Structures are given as C-alpha cells and as structure tokens.
Colleague: 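I have a structure here, written as structure tokens, and I will follow up with some questions on it.
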Amino acid sequence: MESSNKGKSLYYQLVDLLKDRIETQMTPHDKLLSERELCQHYGVSRTTVRLALQELENQGYIYRRHGKGTYVSDLSDKSSNLAGAYSFIEEMREIGRVPKTVILEFRQMEANKRIAKNLNIHLGETVFKLKRLRLADEEPLMVERSYLPAKLFMGLDLPLLESKPLYDVFSQDYEQQVQLADEEFYASIVQKKDAVVLRIADGAPVLHLTRITYNVKNEIIEYTDSVARADQFHYKIRHIRK
C-alpha cells in the first residue's frame, strides 16, 4: 500500500480499499480476514488495521462478534429504517424479515426524575417498566425500555403483554388511541449490559432512539428508550424543497 505522502493517511487508504471489497465482492454477514491476515495482505501495521476497522464499524460497514471475528453488515434494504419504525413488527414484515419480541423484564417502579419528566408525571408516581428484546430472523436488533403511567393502565400484567403487540394492548384493552409520537435518535457507545443481550462487542457503536407517545387527549402514555445495533439500522429522510 502507498505511504501517506499524498495527503491521505494509511488507515484511510485501507478503509477505502476495504469498503470497495465489501461493496463489490462480499455479501452481508461474510467474515472478514483476521487482523493478522489483513496486515499481511495489505502490508500495514496492526495499528493501521485496527484504526481502519474501527472506522468501518463506526460507518456501519462491519460488525464484530466477540471471540468470533469481524463480519460484513447488511447495508441493503433489509436494514431497518428508524424513521419508519413506528411499529417494529410491521416494519420487519414489510422488509421481509421475521420479527420476534422477547420480554426481558416487567415490573412496577417509582418514576425517577428522568422518567417523570418524559411522562409528564410527578416524581415517585408508579409506572410500569417493560424491557423487551427485538429480533429479526432470530438476530437481536434492539433493546427497548418502555415506561407507562400505571394510572392509565391499571391491571396491566405479563400474560396480556405476551399475547399481543403493545399498541394493540393500548387500543383494545385500555381505549388509548395513539395520536402521535415524537422520536429522537443519537449515536453512542453500547453499555456492557446491552452488549451482552445484543451479542455485540462491549463499546461497539449503537443508535439510541427515544420515543414519547401521545393519545388523542394529548396525554403522554409511553416513554421508550431503545438501543439499536448500528450495523442493523439506518435513518432515512426525504427533504422536499417548497
């Protein structure tokens, strides 16, 4: 590989070479060469390879599985669009994937300052916490932590939540019709507890998605904080000039 005397560092040159290989010669979930093999193949140092792989991971081109290696991310239309992820199940079915939801935790708790603020309730009020793992084709994609004001969902229990999607529970069992939802997202680094569940490396890049859902009375009925694998989700938006 050429030296960096043309204004581009070695690891960025390697990033470009690996991107081209991924886009033209590899398919999603193919395994990349090991760090040692990449060093030998491209004639660069281990530090250069690690910097390049980190950049590719940050850009969503690859993902790592601890102890197993580095793999090509799915950059096709099968990646999920966060802008349209109003219903996870519907979103997955639309792109031809098989959705699955596993409830990891369900309990009552007192609202702390963050939860109370986002639900527009008093500090210490009782809320339901629902933690779910979202999968597609048995691949873990996202961990969701949802908080619901208990006063609006009296009697809510685990069997009901396991029987149907959450928004069906809202409308069918509690007459809570969703009117709108505000969503925000930002990039960050995964925490160890979520890395284990998502089967990604500790410290890997992830997308955080927060959603606040309102009913027809303009009351907040849900606050959800989600952590999504960066290699499995993308954000797409269309700007129209008027």
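All values reported here derive from a predicted model rather than from experimental measurement.
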Colleague: Could you tell me if the side chain of Leu32 sits less than 4.5 Å from the side chain of Ile62, heavy atoms only?
Modeller: yes
Colleague: Can you tell me how far apart CG (Leu18) and CD (Gln25) are? Round to the nearest 0.5 Å.
Modeller: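 Output value for this atom pair is 10.5 Å.
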Colleague: Can you check whether Leu51's main-chain N or O pairs, donor with acceptor, with Gln54's side chain at less than 3.5 Å?
Modeller: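 No, Gln54 side chain to Leu51 backbone: no donor-acceptor pair under 3.5 Å.
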Colleague: Should Ile103 and Leu160 be regarded as members of a common hydrophobic cluster, given that ILVMFWY residues are connected when their side-chain heavy atoms come within less than 4.5 Å of each other, either directly or indirectly?
Modeller: yes
Colleague: Among the clusters formed by ILVMFWY side chains lying less than 4.5 Å apart, do Leu166 and Met154 turn up in the same one?
Modeller: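 Not linked; separate clusters.
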Colleague: Is there a side chain to side chain contact (heavy atoms under 4.5 Å, CB included) between Ser171 and Gln176? Walk through the geometry before answering.
Modeller: CA-CA 5 Å; Ser171 61; Gln176 294 290 341; over 6 Å; no
Colleague: If hydrophobic clusters are built by linking Ile, Leu, Val, Met, Phe, Trp and Tyr wherever their side-chain heavy atoms come under 4.5 Å apart, do Val190 and Val196 end up in the same one?
Modeller: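 No, separate clusters.
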Colleague: I'd like to know if Val216 and Ile212 are part of one continuous hydrophobic network [Ile/Leu/Val/Met/Phe/Trp/Tyr, side-chain heavy atoms within less than 4.5 Å].
Modeller: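 Looking at the clustering, Val216 is in a separate group from Ile212.
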Colleague: Before giving the answer on side chain to side chain contact (heavy atoms under 4.5 Å, CB included), spell out for Thr210 and Thr224 the whole-Å C-alpha distance, their side-chain angles and the decisive distance to 0.1 Å.
Modeller: CA-CA 6 Å; Thr210 62; Thr224 293; over 6 Å; no
Colleague: Can you give me the closest heavy-atom contact between Leu148 and Leu156, atom names plus distance?
Modeller: CD1-CD2, 3.8 Å
Colleague: If we ignore hydrogens and angles and just use 3.5 Å, is the side chain of Ser226 paired with the main-chain N or O of Glu144 as donor and acceptor?
Modeller: no
Colleague: Heavy-atom count check: over 12 atoms from other residues, nucleotides or ligands less than 6.0 Å from Glu110 CD?
Modeller: no
Colleague: Going by the angle between their ring planes, with limits at 30° and 60°, are Tyr147 and Tyr223 parallel, tilted or perpendicular?
Modeller: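 Ring orientation of Tyr147 relative to Tyr223: parallel.
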Colleague: Test ring-ring contact (aromatic ring centres under 6.0 Å, His included) on His208 and Tyr186; report intermediate values, then the result.
Modeller: CA-CA 5 Å; His208 275 261; Tyr186 58 93; 5.0 Å; yes
Colleague: Are Glu55 and Tyr61 linked by a side-chain donor-acceptor pair shorter than 3.5 Å?
Modeller: no
Colleague: Compare every heavy atom of Ala230 with every heavy atom of Pro205, then report the nearest pair and how far apart it is.
Modeller: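 Between these two residues, the closest heavy atoms are O-CB, 3.3 Å.
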Colleague: Give a yes or no on whether the backbone of Gln191 and the side-chain of Asp194 come within a donor-acceptor separation of less than 3.5 Å.
Modeller: no
Colleague: Verify the cluster assignment for Leu53 and Ile189: are they in a single hydrophobic cluster under the rule of side-chain heavy atoms below 4.5 Å apart?
Modeller: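 Leu53 and Ile189: separate clusters.
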Colleague: Taking Lys68's backbone N and O only, do any of them form a donor-acceptor pair with Lys31's side chain (distance below 3.5 Å, no angle check)?
Modeller: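 Checking the backbone N and O of Lys68 against the side chain of Lys31, a donor-acceptor pair under 3.5 Å is found.
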Colleague: Under 3.5 Å, is there a donor-acceptor pair between the side chain of Tyr167 and the main chain of Gln177?
Modeller: no
Colleague: Over all heavy atoms of both residues, which pair between Phe128 and Phe153 is shortest? Give the atoms and the distance, please.
Modeller: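 Nearest heavy atoms, Phe128 then Phe153: CE1-O, 3.2 Å.
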Colleague: Applying salt bridge (charged side-chain N to carboxylate O under 4.0 Å, His left out) as the test, list every pair that has at least one member in residues 38-54; sequence neighbours left out.
Modeller: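 Matches after skipping sequence neighbours: Glu35-Arg46, Glu35-Arg50.
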Colleague: Compare every heavy atom of Leu198 with every heavy atom of Arg229, then report the nearest pair and how far apart it is.
Modeller: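 Taking every non-hydrogen atom into account, NH1-O, 3.5 Å.
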Colleague: With sequence neighbours left out, which residue pairs that include part of residues 164-182 fulfil the salt bridge (charged side-chain N to carboxylate O under 4.0 Å, His left out) condition?
Modeller: Lys164-Asp173
Colleague: Restricting to salt bridge (Lys or Arg N to Asp or Glu O under 4.0 Å), what partner residues turn up for Glu105, sequence neighbours left out?
Modeller: Arg107, Lys129
Colleague: Excluding sequence neighbours, so at least two apart, what forms salt bridge (Lys or Arg N to Asp or Glu O under 4.0 Å) with Arg21?
Modeller: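 In terms of salt bridge (Lys or Arg N to Asp or Glu O under 4.0 Å), with neighbours along the sequence ignored, Arg21 is linked to no residue.
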Colleague: Are the side chain of Thr48 and the backbone of Val44 linked by a donor-acceptor contact shorter than 3.5 Å?
Modeller: no
Colleague: Evaluate whether atom NZ of Lys131 has more than 12 neighbouring non-hydrogen atoms of other residues, nucleotides or ligands under 6.0 angstrom away.
Modeller: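 Yes, the 6.0 Å shell around NZ holds more than 12 heavy atoms from other groups.
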Colleague: Answer whether the closest heavy-atom distance between the side chains of Met142 and Val227 falls below 4.5 Å.
Modeller: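 The answer is no; the side chains never approach within 4.5 Å.
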Colleague: Check the pair Thr101 / Arg134 against side-chain hydrogen bond (donor to acceptor under 3.5 Å, both in side chains), numbers first and verdict last.
Modeller: CA-CA 5 Å; Thr101 298; Arg134 304 291 207 167; 2.7 Å; yes
Colleague: Distance from Leu14 atom CG to Leu38 atom CG, nearest 0.5 Å?
Modeller: 7.0 Å
Colleague: If you look at every heavy atom in Ile220 and Pro149, which pair is closest and at what distance?
Modeller: O-CG, 3.7 Å
Colleague: Applying salt bridge (Lys or Arg N to Asp or Glu O under 4.0 Å), can you list everything that pairs with Lys151, at least two apart in sequence or on another chain?
Modeller: Glu125
Colleague: Closest approach of Met109 and Ile115, non-hydrogen atoms and distance?
Modeller: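 Residues Met109 and Ile115, closest heavy atoms: CE-CD1, 3.8 Å.
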Colleague: Checking Ile200 against Val206 for the side chain to side chain contact (heavy atoms under 4.5 Å, CB included) test, could you report, in this order, the C-alpha distance in whole Å, the side-chain angles of both residues, the deciding distance, and whether it holds?
Modeller: CA-CA 10 Å; Ile200 57 178; Val206 290; 3.8 Å; yes
Colleague: Indicate yes or no for a side-chain donor-acceptor contact from Asn112 to the backbone of Arg114 under 3.5 Å, with no hydrogens or angles considered.
Modeller: yes
Colleague: Do Asn215 and Gln179 have side-chain N/O donor and acceptor atoms under 3.5 Å apart?
Modeller: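 No.
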Colleague: Apply side chain to side chain contact (heavy atoms under 4.5 Å, CB included) to the pair Leu56 and Val15, showing each step before the final yes or no.
Modeller: CA-CA 7 Å; Leu56 288 169; Val15 167; 4.0 Å; yes
Colleague: What's the separation between atom CG in Asp20 and atom CE in Met26, rounded to the nearest 0.5 Å?
Modeller: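 Atom-to-atom, Asp20:CG and Met26:CE are 12.0 Å apart.
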Colleague: State, yes or no, whether a side-chain contact exists between Phe106 and Leu161 at a heavy-atom distance under 4.5 Å.
Modeller: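 The answer is yes, as the side chains (C-beta and beyond) meet within the 4.5 Å cut-off.
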Colleague: Looking at residues at least two apart in the chain, or sitting in another chain, which of them share a salt bridge (Lys or Arg N to Asp or Glu O under 4.0 Å) with Asp225?
Modeller: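 Listed in chain order: nothing, the list is empty.
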Colleague: Taking the side chain as every heavy atom from C-beta outward, state whether Phe170 and Val178 have any pair of such atoms under 4.5 Å apart.
Modeller: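 Touching, per the 4.5 Å side-chain cut-off.
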Colleague: Under the side-chain hydrogen bond (donor to acceptor under 3.5 Å, both in side chains) rule, what do Tyr42 and Gln13 come out as? Steps first, then yes or no, please.
Modeller: CA-CA 10 Å; Tyr42 291 103; Gln13 292 182 47; over 6 Å; no
